[in-house]
Trainee: 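Before anything else, here's the structure in question.
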Amino acid sequence: MKKRVICLIGPTASGKTEIALKLAKRIGAEIISCDSMQIYKGIDIATSKPTKAETRRIPHHLIDVLSPSQEYNVALFKKSALEKINHIHKKGKVPLIVGGSGLYLRALIDGLFEGPGRDSALRNKLSQQAKKYGKAYLYRKLKKQDPEAACKIHPHDLRRIIRALEVYKLAREPISARQKKTFGIRDKYDLRIFGLRRKRDELYRRIERRVDKMFRKGLASEIKRVMKHKISRTAEGLLGYREIAGYLKGEYSKDRASELLKRNTRHYAKRQISWFKNEKGVNWIELSDEDKSQIIADKIGLSLSR
RNA sequence: GCCGGGAUAGCUCAGGUGGUAGAGCGCGGCCCUGAAAAGGCCGGCGUCCCCAGUUCAACUCUGGGUCCCGGCA
């Protein structure tokens, strides 16, 4: 009999954390965070982490493990998530994977191609070339090496062009060929995926309320603290980092920073919605403002026991 | 009150010897496999302030209004 793995996904501010805690309690689960930013220590407000009291009640994994100066990526996530799943199963408990990093989740359940990791020196070299000769130069190169990948990648999408060239150079095989050879845990476990959905305007209102709350809780001083130390490229992408840094440097007002953060978070939520739409096998749960998280958690729990 | 400047997409603004108009942002949609809270792509019929005149044709010219912004009183 296959062991069970449960996933809870949804866009930012959809209410994952709260429902996950209640569900975990009900079914005796331990939570694995599927989140590229909650992995970082010292960034709590900006990432809306569960509180210390909450993580004491329900064991959480892959939260607070890296310093913001360290890089993180899908491959690292996948590896440690697999370990955690095993570890939790051995304890006779059920792993509950919760988060909004869509790529991470997909890489975990459908697999990540076996490829060379990033090579910073090579990437630097390539991006220098792009600056010197233009993106089109690199794109033409890719077209010659790997026409299939070039076909999928937009000529302006420099990041993906570079990655494809990087893989070709290091692996001596096109990325498009490698990407076909992936396997994940979809069939290995009894996988149940639940997705949270809300009406667009309600979700956006929740985002705005959450950002206001972050400011009240001291978002600005948290970012100020983070800015004092070296920060990795990954952590730098955190929503709130650039927006608050601009305010702290005196480029614009606090209100403007809040406005920007709200807008950028809305854009982010939209991208998540787009991404999750293509996720296979999701049981979507339509939520509204009136729904209580306990009742939703109970519903999910009930559907799992049938 | 006088003298300038302005009124065009949700917002900020371009524009045109008269042939019904664009950019950025927002907003909406989408793509995505080692930076993913990142990165990329696509989408514009809108009373061109109102009224009258000239004209085959006015958002564009002329006259008269209305409102806004400067300066001077």
Side-chain angles (χ1 to χ4, degrees), chain A residues 9-14 16 33-40 43 45-49 66 68 70-81 99-120 122-124 127 130 135 139 149 151-164 166-167 170-171 174-184 200-201 204 207 210-211 214 219 223 226 231-244 256 259-279:
Chain A
I9 63 175
T12 188
S14 56
K16 296 184 292 293
S33 157
C34 175
D35 189 302
S36 63
M37 293 299 163
Q38 291 192 353
I39 194 85
Y40 289 114
I43 308 179
I45 300 167
T47 58
S48 301
K49 272 183 204 158
L66 295 181
Q70 295 174 283
E71 303 279 356
Y72 193 50
N73 62 48
V74 223
L76 292 170
F77 165 79
K78 190 196 165 193
K79 187 165 174 286
S80 36
S101 295
L103 172 66
Y104 286 15
L105 204 266
R106 192 168 298 165
L108 177 66
I109 66 185
D110 289 320
L112 183 71
F113 76 95
E114 290 289 320
R118 71 174 286 131
D119 179 332
S120 298
L122 179 55
R123 284 193 192 185
N124 281 338
S127 74
K135 288 176 186 175
Y139 189 70
C151 203
K152 265 181 70 185
I153 298 170
H154 188 97
H156 291 176
D157 199 346
L158 186 60
R159 201 168 285 193
R160 267 174 259 276
I161 296 171
I162 289 180
R163 164 96 270 238
E166 176 186 48
V167 170
L170 266 29
I175 191 170
S176 55
R178 292 227 154 187
Q179 283 176 337
K180 283 173 193 144
K181 292 178 261 173
T182 64
F183 64 97
R200 189 66 57 85
D201 55 335
Y204 283 2
I207 287 172
R210 176 191 267 193
V211 169
M214 285 179 186
L219 177 65
I223 299 297
V226 173
I231 185 163
S232 65
R233 209 187 350 269
T234 323
E236 215 173 23
L238 168 82
L239 269 170
Y241 185 77
R242 265 173 225 165
E243 295 85 347
I244 302 298
R256 178 67 183 148
E259 211 176 274
L260 287 171
L261 180 52
K262 285 172 183 171
R263 186 195 69 192
N264 294 342
T265 307
R266 284 196 301 267
H267 290 347
Y268 167 52
K270 175 60 181 86
R271 271 181 274 131
Q272 288 178 299
I273 293 167
S274 264
W275 178 278
F276 285 138
K277 213 174 268 172
N278 299 324
E279 201 59 65

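Bear in mind that the values here come from a model prediction, so they are computed numbers and not experimental data.
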Trainee: In whole angstrom, give me the gap between the C1' atoms of B/G28 and B/G10.
Mentor: 13 Å
Trainee: Should A/His267 be listed as having a side-chain N or O under 4.0 Å from OP1 or OP2 of B/C27?
Mentor: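 Yes, A/His267 has a side-chain N/O under 4.0 Å of OP1/OP2 on B/C27.
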Trainee: Is the side chain of A/Thr182 donor-acceptor paired with the backbone N or O of A/Phe113 at a distance under 3.5 Å, no angle test?
Mentor: no
Trainee: Please say which of A/Lys270, A/Lys277, A/Arg271 ends up in a side-chain hydrogen bond (donor to acceptor under 3.5 Å, both in side chains) with A/Ser274.
Mentor: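 It is A/Lys270; the other options fail the test.
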Trainee: With no hydrogens and no angle check, is any side-chain donor or acceptor of A/Lys16 less than 3.5 Å from a backbone partner on A/Gly10?
Mentor: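 Checked: pair present.
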Trainee: Decide, for B/G22, between syn and anti: a glycosidic angle within 90° of 0 counts as syn, anything else as anti.
Mentor: anti
Trainee: At 4.0 Å (heavy atoms only), tell me whether A/Tyr40 reaches a base, stays on the sugar-phosphate, or touches nothing.
Mentor: nothing
Trainee: Test your reading of the model: is there a side-chain donor-acceptor pair from A/Thr47 to the backbone of A/Gln38, 3.5 Å cut-off?
Mentor: no
Trainee: Between B/A21 and B/U8, how many Å separate the two C1' atoms, rounded to a whole number?
Mentor: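 Pairwise C1' distance, B/A21 against B/U8, rounds to 8 Å.
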Trainee: With A/Leu76, which residues qualify under side-chain contact (heavy atoms from CB on, under 4.5 Å), at least two apart?
Mentor: A/Tyr72, A/Asn73
Trainee: Say we look at B/C27 and B/C61: how far apart would their C1' atoms be, to the nearest angstrom?
Mentor: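 Per the computed distance, 37 Å lies between those C1' atoms.
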Trainee: Are A/Arg256 and A/Glu259 ion-paired here, with the side-chain N under 4.0 Å from a carboxylate O?
Mentor: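 Yes, this pair counts.
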Trainee: Counting distance only, does the side-chain N/O of A/Arg106 pair as donor-acceptor with the main-chain N or O of A/Trp275 below 3.5 Å?
Mentor: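 The answer is yes, because a donor-acceptor pair under 3.5 Å joins these two groups.
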Trainee: Could you tell me how far apart A/Leu261 (CG) and B/G26 (P) are, to the nearest whole angstrom?
Mentor: 14 Å
Trainee: B/G46 and B/G5: how far apart are their C1' atoms, nearest whole angstrom?
Mentor: 25 Å
Trainee: What is the nucleic acid contact for A/Arg178, judged by heavy atoms within less than 4.0 Å: base, sugar-phosphate only, or nothing?
Mentor: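 Counting heavy atoms under 4.0 Å across all strands, no contact is made by A/Arg178.
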Trainee: Would you call A/Arg123 and A/Glu166 a salt bridge, using N to O less than 4.0 angstrom?
Mentor: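 Yes, A/Arg123 and A/Glu166 are salt-bridged.
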Trainee: Quick one about A/Thr234 and A/Glu71 (side-chain donor to acceptor, distance below 3.5 Å, no hydrogens or angles considered), yes or no?
Mentor: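 Judged by distance alone, the side chains do pair up.
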Trainee: Determine, for nucleotides 33-39 of chain B in 5'-to-3' order, which nucleotides have protein heavy atoms under 4.0 Å from the base (write B), from only the sugar-phosphate (write S), or from neither (write -).
Mentor: BBBBBBB
Trainee: In whole Å, measure the gap between the P atoms of B/C30 and B/G34 for me.
Mentor: 23 Å
Trainee: For the P atoms, the ones on B/A14 and on B/A73, what distance do you get once it is rounded to whole angstrom?
Mentor: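 Each nucleotide's P atom is 29 Å from the other's.
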Trainee: Dot-bracket for RNA chain B, 5' to 3', counting Watson-Crick or G-U wobble pairs under 3.5 Å, with [ ] for crossing pairs and | for inter-strand pairs?
Mentor: (((((((..((((.....[..)))).(((((.......))))).....(((((..]....)))))))))))).
Trainee: Base, sugar-phosphate, or nothing for A/Lys78, non-hydrogen atoms under 4.0 angstrom?
Mentor: nothing
